[in-house]
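What follows is a set of notes on a single structure, which appears directly below.
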Amino acid sequence: MPQASSHTASKRVISAAPETLPTSMPLHTAVLIGRFQPLHNGHMALLHAALERARQVVVVLGSAWQAPNPKNPFSWEERAQMLRDALSKEDAERVQCVPVRDYYNEPLWVNAVRDAVQAHVPEGASVALVGHFKDSSSSYLARFPGWELISLPRLGQFDATPLRDIFLGEGSASSEAMDAALGKLSTHMPESTLAFLRHWAHTPLYVRLQKEWHMLQAYKEAWAKAPYAPLFVTVDALLRCHAKGQGHVLLIQRGHAPGVGLWALPGGFLEQRDSLWQSCVRELREETCSSISEADLLAAVQAVQVFDHPDRSLRGRTITHVHYLDLGMQPALPPVQGADDAALARWVPIADLAQMEGDFFEDHFQILCQFLPITLIHGEQPARQVA
């Protein structure tokens, strides 16, 4: 979820131990927001508290329609299934799950959450947001004026990050190692979630993500002795061209972890002796074998925009400078070929990008949406019950 301040003005806040709160509050809808990667007992405690206080609960499943990665391995449908399996039939009938994508833009995300919830709430009905202020990642709780805030204490020492580390880091060596890893998780999550993880560990996706998890751990360990937390500077080229009767954008398919096989903009890290522009041109040529002259590229520059959301990359704090270039109308698409870090380079029709949303690396789909006319095909509020 986006970073936000802890300011709570203009919001009624109820903060108390669960046993001191009335269990028959005149509340229509309680909202619980999270990624649930995976569902654990802390989530369940909040969910049961919400069910005790409202006629219905709307669970907002964040990071929807995003390519799987070690931080977000499970689809929103799989997480809805975890919730469904962990609840009684009676409770499940009172819960609605709504997926919301990551926008890497807090105002857009807040509006999407509000719209997704309101689609399930009658006009004028009371709404409360249920949660607890764990750390800076919980500051989103203060971003919904007009919704009552039920701020609960931390209900147990549960955190999904170390649970994923055990599942991806310790369970990959053998079936015995997986049994041992799941044994460590058994006191932290419902039995139904454990059963889901046991089954999911036999999928090809688990094998890919556990390899990526190990790669990212090694990456972070290499920087562990730096005197300050590293800050990485990168460049990306968003190259647009109109040919064959429609607009296209140049993409590469990543050849290495993280994000092997995912689509991305051509780009890479800023070199020590390069300017941002020089790095952009170099990466474009190295990864796509583009022969477009630098003069023509420079003439095509429309904008340079910085994307710096703190959570945009699992490798660490990574700030990228996207160079948006438009070649305009051309008789044919310039030839390209994947090379260096790119397994493939391809001109993709802009009209095809929306259906590829779940196959993009990091926030590159959101970057494309910033510059190009992309109509999202996934709604934010499908009428799907947990039951």
Side-chain angles (χ1 to χ4, degrees), residues 1-37 39-64 76 79-80 83 87 91 94-103 105-156 158-160 311 380-381 384-386:
M1 260 92 58
Q3 300 295 312
S5 73
S6 58
H7 179 63
T8 57
S10 75
K11 184 192 296 289
R12 180 186 173 202
V13 179
I14 299 176
S15 181
E19 62 271 15
T20 67
L21 282 169
T23 58
S24 57
M25 297 176 65
L27 182 62
H28 183 277
T29 299
V31 179
L32 181 61
I33 301 174
R35 290 185 302 109
F36 310 97
Q37 296 272 17
L39 179 72
H40 57 62
N41 290 340
H43 297 138
M44 291 303 299
L46 288 173
L47 181 54
H48 284 302
L51 285 164
E52 290 176 1
R53 289 159 174 77
R55 290 172 53 188
Q56 73 163 356
V57 177
V58 176
V59 177
V60 177
L61 298 167
S63 301
W76 79 264
R79 288 174 279 153
L83 283 160
L87 291 169
D91 284 343
R94 297 167 53 210
V95 175
Q96 300 281 350
C97 279
V98 294
V100 173
R101 60 175 47 83
D102 287 338
Y103 286 88
N105 179 307
E106 188 174 85
L108 287 179
W109 177 83
V110 168
N111 287 338
V113 170
R114 189 179 293 278
D115 290 346
V117 171
Q118 292 300 147
H120 296 277
V121 180
E123 185 176 356
S126 55
V127 179
L129 184 59
V130 176
H132 68 86
F133 287 95
K134 180 181 67 173
D135 52 34
S136 61
S137 67
S138 307
S139 57
Y140 69 90
L141 292 170
R143 292 311 194 205
F144 297 90
W147 290 358
E148 189 174 85
L149 174 61
I150 301 177
S151 180
L152 300 176
R154 185 163 182 147
L155 306 177
F158 303 104
D159 193 341
D311 298 321
E380 296 288 13
Q381 58 274 357
R384 170 175 177 150
Q385 288 189 334
V386 174

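Since the structure is predicted, the reported quantities are computational estimates derived from the model, not experimental observations. Residues: numbered from 1 along the sequence shown.
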Worksheet item: How many angstroms lie between atom OG1 of Thr29 and atom CZ of Arg53, to the nearest 0.5 angstrom?
Response: 15.0 Å
Worksheet item: Is Val59 close to Phe36 at the side-chain level, that is, under 4.5 Å between some pair of heavy atoms?
Response: yes
Practice prompt. Show your working on side-chain contact (heavy atoms from CB on, under 4.5 Å) between Ile33 and Phe144 and close with a plain yes or no.
Written response: CA-CA 12 Å; Ile33 301 174; Phe144 297 90; 4.0 Å; yes
Worksheet entry | Contact summary for Gln56 and His120, nearest pair of heavy atoms | NE2-O, 2.8 Å
Worksheet item: If you take all heavy atoms of Ala30 and Ala54, which pair is closest and at what distance?
Response: N-CB, 3.5 Å
Fill in: Spatial distance of atom CG (Leu141) from atom OG (Ser151) [nearest 0.5 Å]
7.0 Å
Worksheet item: Is there a donor-acceptor pair under 3.5 Å between the side chain of Arg79 and the backbone N or O of Gln37?
Response: no
Worksheet item: Nearest heavy-atom pair of Pro107 and Asn105: which atoms, and what distance?
Response: CD-OD1, 3.0 Å
Worksheet item: Val130 pairs by side-chain contact (heavy atoms from CB on, under 4.5 Å) with which of Leu149, Val31, Leu152?
Response: Leu152
Discussion item. Less than 4.5 Å apart, side chain to side chain, heavy atoms only: is that true for Met44 and Leu39?
Written reply: yes
Worksheet item: Which residues satisfy the side chain to side chain contact (heavy atoms under 4.5 Å, CB included) test with Asp91, sequence neighbours excluded?
Response: His48, Leu51, Leu87, Ser88, Arg94
Practice prompt. Could you pull out the closest heavy-atom pair between His28 and Ser126, with the gap in Å?
Written response: N-OG, 2.9 Å
Discussion item. For a 4.5 angstrom cut-off between non-hydrogen side-chain atoms, does Val127 reach Gln118?
Written reply: yes
Discussion item. Test your reading of the model: is there a side-chain donor-acceptor pair from Tyr103 to the backbone of Ala112, 3.5 Å cut-off?
Written reply: no
Worksheet entry | Considering all heavy atoms, the nearest Leu83-Cys97 contact | CD1-SG, 3.6 Å
